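Everything below concerns the one structure shown next.
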Amino acid sequence: MLKRSLFLLGFTNILSLSAVLARVFTITNRCPLPVTLYVSGGRQGTLNADGGTTQREFPEDWSGYIYTDANGGNGEKSERVARAGFYGPNDYYYIVVDPYRANTGISIIPKAPVHDGFCGPISVDTGTFSSAYQTTPFPDGFPPVTSNSPSSPLYSCPGTDIEYEVIFCPAGVFPRTGAVAIHPNGNTSKCLDVRGSIFANGTPVQIYDCNGTAAQKWTINASTTKIVLAGTEFCLDAGSNPGNNVGMKIWRCYDDLPAQAWLYTTDNRIGLYNTDQCLDLTDGSTQNSNRVQTYKCTNLNTNQFWTL
Ligand SMILES: *[C@@H]1O[C@H](CO)[C@@H](O)[C@H](O)[C@H]1NC(C)=O
Ligand SMILES: *[C@@H]1O[C@H](CO)[C@@H](O)[C@H](O)[C@H]1NC(C)=O
Ligand SMILES: *[C@@H]1O[C@H](CO)[C@@H](O)[C@H](O)[C@H]1NC(C)=O
């Protein structure tokens, strides 16, 4: 009997000790693809698409980042990535994004009552970055704790045993952040795509099933413009001898380069400026890997309609 109560006592102590010293994070992936979870530079396995979830326990004073490299994010270089940040000693939490292109939306939700500006949920998603640090300036040192809540984009949830929820893609889609997919003739399941996601001079540009990856995100303006592979230095390029049946590729962007000067018209054609050539769906085929080309512009040609 004595033995048994001693055992119970010991067990209870261990429980309360770990409850005081550990902080529980529930991490959920609502992105449409599986994502690899990273915690401060270390891979922590994969989360399934559309709701895959896991729990991690860190010490109460743990500081670091939770993020994923999905959709072209690079956490080590702080490029194209959105990260959930924690500074344990002061109970601070915050989000850092690359404002040019965040790979996922991200939310941090403390599991505690919201009071006096403390413990509120924060989120960035398609284009709303106001509650986040942008990659520059970076949170560089943290202010001391006071009785007031810190000012956005820094947040605080004081107290022990506070659990946090972190959500990738809270909106259920990868963010666009100014970049768009380009579809052949209104077919939103097919996208203009950089073959094999190889971002290098000369990689063919083709049609492929839309999959939300960086190989399918472009910035395009309704005027004379470069068509930029978002977040990269590469542009849609028609080559130095534009003409019928010339296959499209990406090439490093240059200002004032005729091969990269496109005109996105109000009737949804993408013409090569100062030529009679239009971006054209080769043979009218939306088969995966069909390389797109330029061809003489003709009116009402559905192979030459491109929608965003
Ligand atoms: C898009 O193209 C694919 C492949 O050709 C086809 O199966 C699908 O029906 C098309 N969708 C629309 C909305 O046209
Ligand atoms: C997305 O499409 C590209 C085509 O460039 C393909 O290489 C890649 O495997 C696809 N990714 C997924 C996750 O389907
Ligand atoms: C599109 O226009 C916006 C606003 O004028 C500009 O900031 C952006 O650089 C343009 N994008 C391209 C690809 O030309």
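Just so you know, ligand 1 is whichever comes first in the structure, and atom 1 is the first atom listed for that ligand. Keep in mind the model is a prediction, meaning the values are calculated, not measured.
- If you check the side chains of Ser285 and Asp283, you find no donor sitting under 3.5 Å from an acceptor.
- Applying side chain to side chain contact (heavy atoms under 4.5 Å, CB included) to Lys249 and the options Arg195, Arg291, Gln206 leaves one that passes, Arg291.
- From Ser156, atom OG reaches atom CG of Asn90 across 8.0 Å, with rounding to the nearest 0.5 Å.
- Protein residues are said to neighbour a ligand when one of their heavy atoms lies under 4.0 Å from it; for ligand 1 these are Asn187, Ser189, Lys190, Thr286.
- Side-chain contact annotation: Asn211 with Thr213, donor-acceptor N/O pair under 3.5 Å present.
- Using modelled atom types and a 3.5 Å distance limit, the side chains of Thr160 and Arg23 yield no donor-acceptor pair.
- Other residues sharing a hydrophobic cluster with Trp251 under the 4.5 Å side-chain heavy-atom criterion for ILVMFWY residues are Tyr254, Leu257.
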